[in-house]
Q: 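Let me give you the structure first, and then I'll get to my questions.
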2 protein chains.
Amino acid sequence: MAVGDRPYHHGDLREALIEAGLTLTRQEGPEALRMREVTRAVGVSPNAAYRHFADRRELLDAVGQRIQHLMVDRMVALRSGTGDRATQAIDGLRAVGLGYIDFALGEPGWFAVAFFPAPGSRPEDAAPREAPPYRMLVDALDEMVAAGLLGAAARDGARWACWATVHGFAGLATRGPLAALPPAEVRRQARRVVEAIIDGVCRERPT
Amino acid sequence: MAVGDRPYHHGDLREALIEAGLTLTRQEGPEALRMREVTRAVGVSPNAAYRHFADRRELLDAVGQRIQHLMVDRMVALRSGTGDRATQAIDGLRAVGLGYIDFALGEPGWFAVAFFPAPGSRPEDAAPREAPPYRMLVDALDEMVAAGLLGAAARDGARWACWATVHGFAGLATRGPLAALPPAEVRRQARRVVEAIIDGVCRERPT
DNA sequence: ATCCTAGTGTGTACGGTGTCCACATTGCCA
DNA sequence: TGGCAATGTGGACACCGTACACACTAGGAT
(Lines give C-alpha, C1' and ligand atoms only; values in the text may rest on other atoms or scores of the structure.)
Protein backbone atom coordinates (compact mmCIF):
# COMPACT_ATOMS: atom_id res chain seq x y z
CA MET A 1 0.00 0.00 0.00
CA ALA A 2 2.91 2.36 0.33
CA VAL A 3 6.24 2.40 -1.43
CA GLY A 4 7.67 5.07 0.82
CA ASP A 5 5.84 5.55 4.07
CA ARG A 6 3.13 7.73 2.61
CA PRO A 7 0.14 5.97 1.10
CA TYR A 8 -0.59 6.49 -2.56
CA HIS A 9 -3.76 8.34 -1.76
CA HIS A 10 -3.29 11.33 0.41
CA GLY A 11 -6.43 11.23 2.47
CA ASP A 12 -7.60 14.83 2.20
CA LEU A 13 -5.43 16.41 -0.43
CA ARG A 14 -7.82 19.25 -1.12
CA GLU A 15 -7.59 20.45 2.45
CA ALA A 16 -3.83 19.97 2.54
CA LEU A 17 -3.42 22.08 -0.57
CA ILE A 18 -5.45 24.89 0.89
CA GLU A 19 -3.40 24.84 4.05
CA ALA A 20 -0.16 24.83 2.12
CA GLY A 21 -1.55 27.76 0.18
CA LEU A 22 -2.20 29.56 3.43
CA THR A 23 1.35 29.23 4.65
CA LEU A 24 2.80 30.04 1.25
CA THR A 25 0.82 33.24 0.76
CA ARG A 26 1.07 34.54 4.28
CA GLN A 27 4.29 36.46 3.71
CA GLU A 28 4.32 37.22 0.01
CA GLY A 29 0.70 37.38 -1.03
CA PRO A 30 -1.09 35.77 -3.95
CA GLU A 31 1.91 35.62 -6.28
CA ALA A 32 3.56 33.19 -3.91
CA LEU A 33 0.90 30.59 -4.62
CA ARG A 34 2.46 28.52 -7.39
CA MET A 35 0.96 25.20 -8.29
CA ARG A 36 4.28 23.44 -8.41
CA GLU A 37 5.35 24.79 -5.06
CA VAL A 38 2.10 24.05 -3.28
CA THR A 39 2.13 20.47 -4.47
CA ARG A 40 5.81 20.19 -3.64
CA ALA A 41 5.06 21.34 -0.09
CA VAL A 42 2.42 18.65 0.27
CA GLY A 43 4.73 16.07 -1.26
CA VAL A 44 2.63 15.28 -4.27
CA SER A 45 2.93 15.58 -8.01
CA PRO A 46 2.00 18.95 -9.57
CA ASN A 47 -0.93 17.54 -11.50
CA ALA A 48 -2.53 15.97 -8.48
CA ALA A 49 -3.88 19.39 -7.60
CA TYR A 50 -5.95 19.42 -10.77
CA ARG A 51 -8.12 16.61 -9.43
CA HIS A 52 -9.42 19.06 -6.83
CA PHE A 53 -9.13 22.47 -8.47
CA ALA A 54 -9.67 23.29 -12.12
CA ASP A 55 -7.27 26.19 -12.05
CA ARG A 56 -4.63 27.91 -10.08
CA ARG A 57 -7.23 30.60 -9.57
CA GLU A 58 -9.74 28.16 -8.19
CA LEU A 59 -7.27 27.12 -5.53
CA LEU A 60 -6.41 30.72 -4.87
CA ASP A 61 -10.09 31.54 -4.44
CA ALA A 62 -10.50 28.69 -1.99
CA VAL A 63 -7.57 30.00 0.02
CA GLY A 64 -9.10 33.47 -0.12
CA GLN A 65 -12.40 32.28 1.30
CA ARG A 66 -10.59 30.48 4.06
CA ILE A 67 -8.77 33.71 4.87
CA GLN A 68 -12.04 35.61 5.02
CA HIS A 69 -13.19 33.19 7.68
CA LEU A 70 -9.96 33.66 9.63
CA MET A 71 -10.66 37.35 9.37
CA VAL A 72 -14.09 37.25 10.95
CA ASP A 73 -12.74 34.96 13.65
CA ARG A 74 -10.29 37.66 14.65
CA MET A 75 -12.88 40.37 14.28
CA VAL A 76 -15.46 38.81 16.57
CA ALA A 77 -12.77 38.50 19.21
CA LEU A 78 -12.68 42.30 19.35
CA ARG A 79 -16.31 42.86 20.31
CA SER A 80 -16.93 44.01 23.84
CA GLY A 81 -20.53 44.08 25.00
CA THR A 82 -20.92 46.75 27.62
CA GLY A 83 -23.02 49.90 27.85
CA ASP A 84 -26.49 50.68 26.61
CA ARG A 85 -27.78 49.68 23.22
CA ALA A 86 -26.61 52.80 21.41
CA THR A 87 -23.04 52.62 22.66
CA GLN A 88 -22.96 48.90 21.97
CA ALA A 89 -24.10 49.51 18.44
CA ILE A 90 -21.58 52.21 17.74
CA ASP A 91 -18.80 50.27 19.45
CA GLY A 92 -19.68 47.28 17.34
CA LEU A 93 -19.45 49.25 14.15
CA ARG A 94 -16.14 50.72 15.23
CA ALA A 95 -14.84 47.27 16.08
CA VAL A 96 -15.75 45.93 12.68
CA GLY A 97 -13.97 48.75 10.93
CA LEU A 98 -10.85 48.66 13.06
CA GLY A 99 -10.79 44.88 13.01
CA TYR A 100 -10.86 44.89 9.25
CA ILE A 101 -7.97 47.31 9.12
CA ASP A 102 -6.04 45.52 11.85
CA PHE A 103 -6.26 42.25 10.02
CA ALA A 104 -4.98 43.87 6.85
CA LEU A 105 -2.09 45.47 8.70
CA GLY A 106 -1.22 42.30 10.55
CA GLU A 107 -1.55 39.94 7.62
CA PRO A 108 -0.97 41.94 4.45
CA GLY A 109 -0.25 38.86 2.39
CA TRP A 110 -3.44 37.12 3.42
CA PHE A 111 -5.45 40.28 3.04
CA ALA A 112 -4.23 40.60 -0.53
CA VAL A 113 -5.21 37.01 -1.26
CA ALA A 114 -8.67 37.57 0.13
CA PHE A 115 -9.41 40.85 -1.62
CA PHE A 116 -6.91 41.38 -4.42
CA PRO A 117 -6.45 37.80 -5.58
CA ALA A 118 -5.41 38.32 -9.18
CA PRO A 119 -5.77 41.35 -11.37
CA GLY A 120 -7.63 39.36 -13.98
CA SER A 121 -10.05 37.65 -11.65
CA ARG A 122 -13.65 37.79 -12.72
CA PRO A 123 -15.27 40.16 -10.28
CA GLU A 124 -18.69 38.54 -10.00
CA ASP A 125 -17.41 35.72 -7.83
CA ALA A 126 -14.25 37.42 -6.60
CA ALA A 127 -15.75 38.63 -3.32
CA PRO A 128 -19.40 37.66 -3.42
CA ARG A 129 -21.99 39.69 -1.61
CA GLU A 130 -21.97 37.08 1.11
CA ALA A 131 -18.32 37.66 1.98
CA PRO A 132 -18.18 36.98 5.71
CA PRO A 133 -16.52 40.24 6.71
CA TYR A 134 -19.16 42.10 4.73
CA ARG A 135 -21.88 40.27 6.62
CA MET A 136 -20.36 41.44 9.87
CA LEU A 137 -20.55 45.00 8.66
CA VAL A 138 -24.15 44.56 7.58
CA ASP A 139 -25.06 43.21 10.99
CA ALA A 140 -23.29 46.05 12.74
CA LEU A 141 -25.21 48.57 10.67
CA ASP A 142 -28.48 46.82 11.41
CA GLU A 143 -27.71 47.27 15.07
CA MET A 144 -27.19 50.95 14.44
CA VAL A 145 -30.60 51.17 12.82
CA ALA A 146 -32.19 49.25 15.68
CA ALA A 147 -30.57 51.62 18.15
CA GLY A 148 -31.98 54.59 16.28
CA LEU A 149 -28.57 55.94 15.30
CA LEU A 150 -29.05 55.43 11.59
CA GLY A 151 -32.05 55.91 9.35
CA ALA A 152 -33.31 52.74 7.73
CA ALA A 153 -33.29 54.46 4.36
CA ALA A 154 -29.62 55.29 4.70
CA ARG A 155 -28.60 51.77 5.55
CA ASP A 156 -27.91 50.56 2.04
CA GLY A 157 -25.68 53.44 1.15
CA ALA A 158 -23.98 53.21 4.49
CA ARG A 159 -22.92 49.67 3.76
CA TRP A 160 -20.95 50.63 0.71
CA ALA A 161 -19.62 53.78 2.28
CA CYS A 162 -18.30 52.02 5.36
CA TRP A 163 -16.87 49.13 3.46
CA ALA A 164 -15.26 51.39 0.89
CA THR A 165 -13.59 53.54 3.50
CA VAL A 166 -12.24 50.72 5.56
CA HIS A 167 -11.26 48.66 2.56
CA GLY A 168 -9.56 51.61 0.91
CA PHE A 169 -7.65 52.48 4.03
CA ALA A 170 -6.45 48.92 4.29
CA GLY A 171 -5.33 49.02 0.69
CA LEU A 172 -3.47 52.28 1.10
CA ALA A 173 -1.86 51.06 4.30
CA THR A 174 -0.70 47.70 2.98
CA ARG A 175 0.29 48.41 -0.61
CA GLY A 176 0.00 52.17 -0.87
CA PRO A 177 1.74 55.28 0.38
CA LEU A 178 0.46 54.87 3.93
CA ALA A 179 2.76 51.89 4.27
CA ALA A 180 5.65 54.31 4.58
CA LEU A 181 4.33 55.81 7.83
CA PRO A 182 5.26 54.33 11.22
CA PRO A 183 2.72 51.74 12.37
CA ALA A 184 1.59 53.72 15.38
CA GLU A 185 0.76 56.68 13.18
CA VAL A 186 -1.09 54.40 10.79
CA ARG A 187 -3.24 53.10 13.61
CA ARG A 188 -3.93 56.62 14.78
CA GLN A 189 -5.09 57.60 11.31
CA ALA A 190 -7.15 54.45 11.11
CA ARG A 191 -9.10 55.49 14.18
CA ARG A 192 -9.72 58.96 12.75
CA VAL A 193 -10.82 57.58 9.42
CA VAL A 194 -13.26 55.18 11.03
CA GLU A 195 -14.72 57.95 13.16
CA ALA A 196 -15.08 60.16 10.11
CA ILE A 197 -17.02 57.66 8.09
CA ILE A 198 -19.26 56.76 11.00
CA ASP A 199 -20.05 60.42 11.49
CA GLY A 200 -20.65 60.91 7.80
CA VAL A 201 -22.89 57.90 7.53
CA CYS A 202 -25.00 58.80 10.53
CA ARG A 203 -25.61 62.31 9.25
CA GLU A 204 -26.60 61.13 5.83
CA ARG A 205 -30.04 62.21 4.71
CA PRO A 206 -31.86 60.13 2.12
CA THR A 207 -31.48 61.26 -1.48
CA MET B 1 21.91 51.74 -41.53
CA ALA B 2 18.92 49.48 -41.81
CA VAL B 3 18.61 45.87 -42.84
CA GLY B 4 14.85 45.98 -43.02
CA ASP B 5 13.34 49.43 -43.16
CA ARG B 6 13.64 50.07 -39.45
CA PRO B 7 16.95 51.43 -38.21
CA TYR B 8 18.91 49.35 -35.77
CA HIS B 9 18.39 51.90 -33.05
CA HIS B 10 14.82 52.65 -32.33
CA GLY B 11 15.01 56.32 -31.54
CA ASP B 12 13.05 56.43 -28.30
CA LEU B 13 12.52 52.87 -27.30
CA ARG B 14 11.82 53.69 -23.68
CA GLU B 15 8.86 55.82 -24.63
CA ALA B 16 7.64 53.28 -27.17
CA LEU B 17 7.70 50.53 -24.54
CA ILE B 18 5.67 52.60 -22.13
CA GLU B 19 3.10 53.34 -24.80
CA ALA B 20 2.89 49.70 -25.79
CA GLY B 21 2.43 48.94 -22.11
CA LEU B 22 -0.45 51.39 -22.01
CA THR B 23 -2.32 49.74 -24.83
CA LEU B 24 -1.57 46.24 -23.55
CA THR B 25 -2.79 46.88 -20.03
CA ARG B 26 -5.83 48.95 -20.91
CA GLN B 27 -8.18 45.99 -21.16
CA GLU B 28 -6.67 43.31 -18.99
CA GLY B 29 -4.73 45.15 -16.34
CA PRO B 30 -1.20 44.65 -15.05
CA GLU B 31 -0.98 40.93 -15.81
CA ALA B 32 -1.23 41.72 -19.50
CA LEU B 33 2.11 43.48 -19.42
CA ARG B 34 4.53 40.78 -20.47
CA MET B 35 8.05 41.69 -21.45
CA ARG B 36 8.05 39.49 -24.50
CA GLU B 37 4.74 40.84 -25.72
CA VAL B 38 5.59 44.48 -25.16
CA THR B 39 8.81 44.15 -27.06
CA ARG B 40 7.07 42.16 -29.76
CA ALA B 41 4.54 44.95 -30.17
CA VAL B 42 7.34 47.45 -30.62
CA GLY B 43 9.13 45.13 -33.00
CA VAL B 44 12.24 44.66 -30.97
CA SER B 45 14.03 41.84 -29.24
CA PRO B 46 12.85 40.94 -25.72
CA ASN B 47 16.13 41.88 -24.12
CA ALA B 48 16.21 45.33 -25.62
CA ALA B 49 13.82 46.42 -22.92
CA TYR B 50 16.40 45.69 -20.26
CA ARG B 51 18.54 48.55 -21.52
CA HIS B 52 15.84 50.92 -20.30
CA PHE B 53 14.19 49.11 -17.39
CA ALA B 54 15.88 46.89 -14.87
CA ASP B 55 12.78 44.80 -14.32
CA ARG B 56 9.37 44.04 -15.57
CA ARG B 57 8.19 45.87 -12.48
CA GLU B 58 10.19 48.95 -13.32
CA LEU B 59 8.44 49.16 -16.67
CA LEU B 60 5.12 48.51 -15.01
CA ASP B 61 5.78 51.31 -12.55
CA ALA B 62 6.61 53.69 -15.35
CA VAL B 63 3.35 52.79 -17.07
CA GLY B 64 1.55 53.29 -13.78
CA GLN B 65 2.94 56.78 -13.34
CA ARG B 66 1.95 57.65 -16.85
CA ILE B 67 -1.57 56.48 -16.08
CA GLN B 68 -1.71 58.63 -12.98
CA HIS B 69 -1.00 61.61 -15.17
CA LEU B 70 -3.74 60.60 -17.59
CA MET B 71 -5.97 60.41 -14.55
CA VAL B 72 -5.40 63.95 -13.38
CA ASP B 73 -5.83 65.16 -16.94
CA ARG B 74 -9.33 63.76 -16.95
CA MET B 75 -10.01 64.96 -13.44
CA VAL B 76 -9.12 68.57 -14.07
CA ALA B 77 -11.51 68.54 -17.01
CA LEU B 78 -14.34 68.03 -14.52
CA ARG B 79 -13.80 71.19 -12.48
CA SER B 80 -16.39 73.90 -12.92
CA GLY B 81 -15.63 77.24 -11.33
CA THR B 82 -18.87 78.94 -10.45
CA GLY B 83 -20.39 80.11 -7.20
CA ASP B 84 -18.81 81.64 -4.12
CA ARG B 85 -15.67 80.37 -2.53
CA ALA B 86 -17.34 77.85 -0.24
CA THR B 87 -19.37 76.21 -2.98
CA GLN B 88 -16.38 76.22 -5.26
CA ALA B 89 -14.33 74.48 -2.60
CA ILE B 90 -16.89 71.84 -1.88
CA ASP B 91 -17.62 71.33 -5.58
CA GLY B 92 -13.91 70.92 -6.17
CA LEU B 93 -13.61 68.26 -3.52
CA ARG B 94 -16.62 66.44 -4.90
CA ALA B 95 -15.18 66.62 -8.39
CA VAL B 96 -11.92 65.10 -7.25
CA GLY B 97 -13.68 62.22 -5.56
CA LEU B 98 -16.08 61.50 -8.36
CA GLY B 99 -13.39 61.97 -10.97
CA TYR B 100 -11.23 59.41 -9.23
CA ILE B 101 -14.07 56.93 -9.18
CA ASP B 102 -15.12 57.69 -12.74
CA PHE B 103 -11.65 57.03 -14.02
CA ALA B 104 -11.53 53.71 -12.22
CA LEU B 105 -14.91 52.71 -13.62
CA GLY B 106 -14.04 53.82 -17.12
CA GLU B 107 -10.55 52.36 -17.22
CA PRO B 108 -10.42 49.49 -14.76
CA GLY B 109 -7.33 47.99 -16.34
CA TRP B 110 -5.37 51.20 -16.16
CA PHE B 111 -6.61 51.93 -12.67
CA ALA B 112 -5.32 48.56 -11.54
CA VAL B 113 -1.93 49.24 -13.08
CA ALA B 114 -1.71 52.60 -11.36
CA PHE B 115 -2.78 51.47 -7.91
CA PHE B 116 -2.59 47.67 -7.71
CA PRO B 117 0.44 47.07 -9.87
CA ALA B 118 1.71 43.76 -8.54
CA PRO B 119 0.88 42.04 -5.29
CA GLY B 120 4.54 41.84 -4.38
CA SER B 121 5.45 45.40 -5.20
CA ARG B 122 7.44 47.21 -2.57
CA PRO B 123 5.03 49.73 -1.14
CA GLU B 124 7.45 52.57 -0.41
CA ASP B 125 7.73 53.55 -4.06
CA ALA B 126 4.53 51.95 -5.26
CA ALA B 127 2.47 55.13 -5.14
CA PRO B 128 4.68 57.77 -3.59
CA ARG B 129 3.23 60.55 -1.54
CA GLU B 130 3.53 62.79 -4.56
CA ALA B 131 1.13 60.73 -6.63
CA PRO B 132 -0.55 63.30 -8.87
CA PRO B 133 -4.13 62.35 -8.02
CA TYR B 134 -3.27 62.59 -4.36
CA ARG B 135 -1.92 66.09 -4.91
CA MET B 136 -5.23 67.07 -6.46
CA LEU B 137 -7.00 65.88 -3.35
CA VAL B 138 -4.61 67.77 -1.10
CA ASP B 139 -5.20 70.95 -3.05
CA ALA B 140 -8.95 70.50 -2.90
CA LEU B 141 -8.79 70.06 0.87
CA ASP B 142 -6.61 73.16 1.20
CA GLU B 143 -9.34 75.06 -0.56
CA MET B 144 -11.82 73.73 1.96
CA VAL B 145 -9.66 75.02 4.78
CA ALA B 146 -9.26 78.37 3.08
CA ALA B 147 -13.03 78.58 2.68
CA GLY B 148 -13.51 77.89 6.36
CA LEU B 149 -15.30 74.60 5.78
CA LEU B 150 -12.62 72.47 7.38
CA GLY B 151 -10.45 72.98 10.42
CA ALA B 152 -6.76 73.20 9.69
CA ALA B 153 -6.07 70.61 12.36
CA ALA B 154 -8.35 68.13 10.67
CA ARG B 155 -6.75 68.49 7.28
CA ASP B 156 -4.17 65.76 7.64
CA GLY B 157 -6.64 63.16 8.74
CA ALA B 158 -9.09 64.27 6.12
CA ARG B 159 -6.57 63.54 3.40
CA TRP B 160 -6.33 59.90 4.30
CA ALA B 161 -10.02 59.56 5.01
CA CYS B 162 -11.06 61.00 1.67
CA TRP B 163 -8.51 59.08 -0.31
CA ALA B 164 -9.31 55.85 1.49
CA THR B 165 -13.02 56.16 0.84
CA VAL B 166 -12.75 57.01 -2.79
CA HIS B 167 -9.98 54.53 -3.41
CA GLY B 168 -11.83 51.78 -1.63
CA PHE B 169 -15.00 52.45 -3.51
CA ALA B 170 -13.10 52.29 -6.76
CA GLY B 171 -11.59 49.01 -5.73
CA LEU B 172 -14.92 47.49 -4.74
CA ALA B 173 -16.51 48.73 -7.92
CA THR B 174 -13.84 47.48 -10.30
CA ARG B 175 -12.70 44.20 -8.76
CA GLY B 176 -15.13 43.70 -5.92
CA PRO B 177 -18.77 42.89 -5.34
CA LEU B 178 -19.97 46.30 -6.46
CA ALA B 179 -18.98 45.33 -9.98
CA ALA B 180 -22.08 43.16 -10.10
CA LEU B 181 -24.45 46.13 -9.80
CA PRO B 182 -25.71 48.01 -12.86
CA PRO B 183 -23.47 50.96 -13.71
CA ALA B 184 -26.14 53.56 -13.04
CA GLU B 185 -26.63 52.22 -9.55
CA VAL B 186 -22.89 52.20 -8.99
CA ARG B 187 -22.69 55.85 -9.93
CA ARG B 188 -25.58 56.65 -7.60
CA GLN B 189 -23.84 54.94 -4.72
CA ALA B 190 -20.63 56.71 -5.63
CA ARG B 191 -22.32 60.05 -5.16
CA ARG B 192 -23.72 59.01 -1.79
CA VAL B 193 -20.40 57.71 -0.60
CA VAL B 194 -18.60 60.88 -1.59
CA GLU B 195 -21.19 62.98 0.20
CA ALA B 196 -20.88 60.84 3.29
CA ILE B 197 -17.16 61.17 3.58
CA ILE B 198 -17.24 64.90 2.94
CA ASP B 199 -19.79 65.28 5.70
CA GLY B 200 -17.79 63.10 8.03
CA VAL B 201 -14.58 64.90 7.38
CA CYS B 202 -16.06 68.34 7.87
CA ARG B 203 -17.54 67.36 11.22
CA GLU B 204 -14.33 65.90 12.50
CA ARG B 205 -13.05 67.37 15.74
CA PRO B 206 -9.34 67.23 16.49
CA THR B 207 -8.17 64.31 18.65
C1' DA C 1 -13.80 -13.76 -2.46
C1' DT C 2 -13.40 -11.56 -6.89
C1' DC C 3 -13.87 -8.19 -10.45
C1' DC C 4 -14.63 -3.73 -12.15
C1' DT C 5 -15.18 0.92 -12.09
C1' DA C 6 -14.53 5.48 -10.52
C1' DG C 7 -11.51 8.32 -8.06
C1' DT C 8 -7.05 9.83 -7.31
C1' DG C 9 -1.96 10.48 -8.06
C1' DT C 10 2.25 10.17 -11.59
C1' DG C 11 5.24 11.08 -15.77
C1' DT C 12 6.07 13.37 -19.67
C1' DA C 13 5.68 17.12 -22.58
C1' DC C 14 4.44 21.69 -24.61
C1' DG C 15 4.30 26.48 -24.93
C1' DG C 16 5.06 30.56 -22.47
C1' DT C 17 7.52 33.62 -19.31
C1' DG C 18 11.41 36.74 -17.01
C1' DT C 19 16.01 37.37 -17.21
C1' DC C 20 21.27 36.39 -17.72
C1' DC C 21 25.26 36.17 -20.85
C1' DA C 22 28.14 37.02 -24.74
C1' DC C 23 28.06 39.29 -29.07
C1' DA C 24 26.68 42.69 -32.96
C1' DT C 25 25.70 47.12 -34.40
C1' DT C 26 25.55 51.96 -34.24
C1' DG C 27 25.90 57.13 -33.09
C1' DC C 28 28.86 60.35 -31.24
C1' DC C 29 32.86 62.67 -29.68
C1' DA C 30 37.85 63.31 -29.42
C1' DT D 1 39.31 58.79 -38.46
C1' DG D 2 39.35 55.90 -34.45
C1' DG D 3 37.33 54.24 -30.57
C1' DC D 4 34.03 54.07 -26.91
C1' DA D 5 29.67 53.97 -24.74
C1' DA D 6 25.03 53.16 -25.70
C1' DT D 7 21.82 50.25 -27.63
C1' DG D 8 19.77 46.03 -29.84
C1' DT D 9 20.26 40.66 -30.86
C1' DG D 10 20.53 35.54 -30.17
C1' DG D 11 20.67 31.82 -27.42
C1' DA D 12 20.09 29.68 -23.08
C1' DC D 13 18.29 28.60 -18.45
C1' DA D 14 15.03 27.82 -14.96
C1' DC D 15 10.52 28.08 -13.90
C1' DC D 16 5.68 28.23 -14.52
C1' DG D 17 0.63 26.46 -15.62
C1' DT D 18 -1.48 22.83 -17.52
C1' DA D 19 -2.99 18.99 -21.11
C1' DC D 20 -2.59 13.98 -22.07
C1' DA D 21 -2.01 9.28 -21.24
C1' DC D 22 -1.09 6.05 -17.78
C1' DA D 23 -0.75 3.71 -12.83
C1' DC D 24 -2.48 2.71 -8.66
C1' DT D 25 -5.97 2.00 -5.16
C1' DA D 26 -10.48 1.77 -2.64
C1' DG D 27 -14.92 0.12 -2.35
C1' DG D 28 -19.33 -1.63 -4.05
C1' DA D 29 -21.65 -5.27 -7.02
C1' DT D 30 -21.50 -9.97 -8.21
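The chains referred to below are lettered A, B, ... by the order of the sequence lines, with proteins before strands, and numbering in each begins at 1.
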Q: Residues in side-chain contact (heavy atoms from CB on, under 4.5 Å) with A/Ala152, at least two apart?
A: A/Val145, A/Arg155
Q: Taking the side chain as everything from C-beta on, heavy atoms only, tell me whether B/Met136 gets closer than 4.5 Å to B/Met71.
A: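 Heavy-atom side-chain distance check fails, nothing below 4.5 Å.
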Q: Taking CD in A/Glu185 as the centre, count heavy atoms belonging to other residues, nucleotides or ligands within less than 6.0 Å. Is the count above 12?
A: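 For A/Glu185, atom CD is crowded (more than 12 foreign heavy atoms under 6.0 Å).
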Q: Between A/Val193 and A/Ile197, does the side-chain contact (heavy atoms from CB on, under 4.5 Å) criterion hold? Intermediate values first, please.
A: CA-CA 6 Å; A/Val193 165; A/Ile197 191 59; 5.6 Å; no
Q: With a 4.5 Å cut-off on side-chain heavy atoms, are B/Leu98 and B/Leu78 touching?
A: no
Q: A/Leu17 has an atom CG; how far is it from atom P of D/dG17, in whole Å?
A: 13 Å
Q: State whether B/Arg192 and B/Glu195 are salt-bridged, where the test is any N-O pair (Lys NZ or Arg NE/NH1/NH2 against Asp/Glu carboxylate O) under 4.0 Å.
A: no
Q: Using a 4.0 Å cut-off on heavy atoms, which residues in residues 46-54 of chain B reach DNA chain D? List them by number, or say none.
A: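 Result for residues 46-54 of chain B: B/Asn47, B/Ala48, B/Arg51, B/His52, sorted by number.
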Q: Starting at CZ of A/Arg14 and ending at C1' of C/dG7, how long is that distance when rounded to a whole Å?
A: 15 Å
Q: May I have the distance from A/Asp55 (atom CG) to D/dT18 (atom C1'), rounded to whole angstrom?
A: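 Rounded to whole Å, this separation is 9 Å.
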Q: When the distance from CG of A/Leu59 to C1' of D/dT18 is rounded to whole Å, what number comes out?
A: 14 Å
Q: Any idea how A/Phe115 and A/His167 line up, ring-wise: parallel (<30°), tilted (30 to 60°), or perpendicular (>60°)?
A: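 Aromatic pair A/Phe115/A/His167 classed perpendicular.
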Q: Mind checking whether A/Tyr100 and A/Trp163 have parallel, tilted or perpendicular rings, split at 30° and 60°?
A: perpendicular
Q: Between the protein and nucleotides 15-17 of chain C, list every N/O to N/O distance that falls short of 3.5 Å.
A:
unit_1, atom_1, unit_2, atom_2, d
C/dT17, OP2, B/Arg40, NH2, 3.2

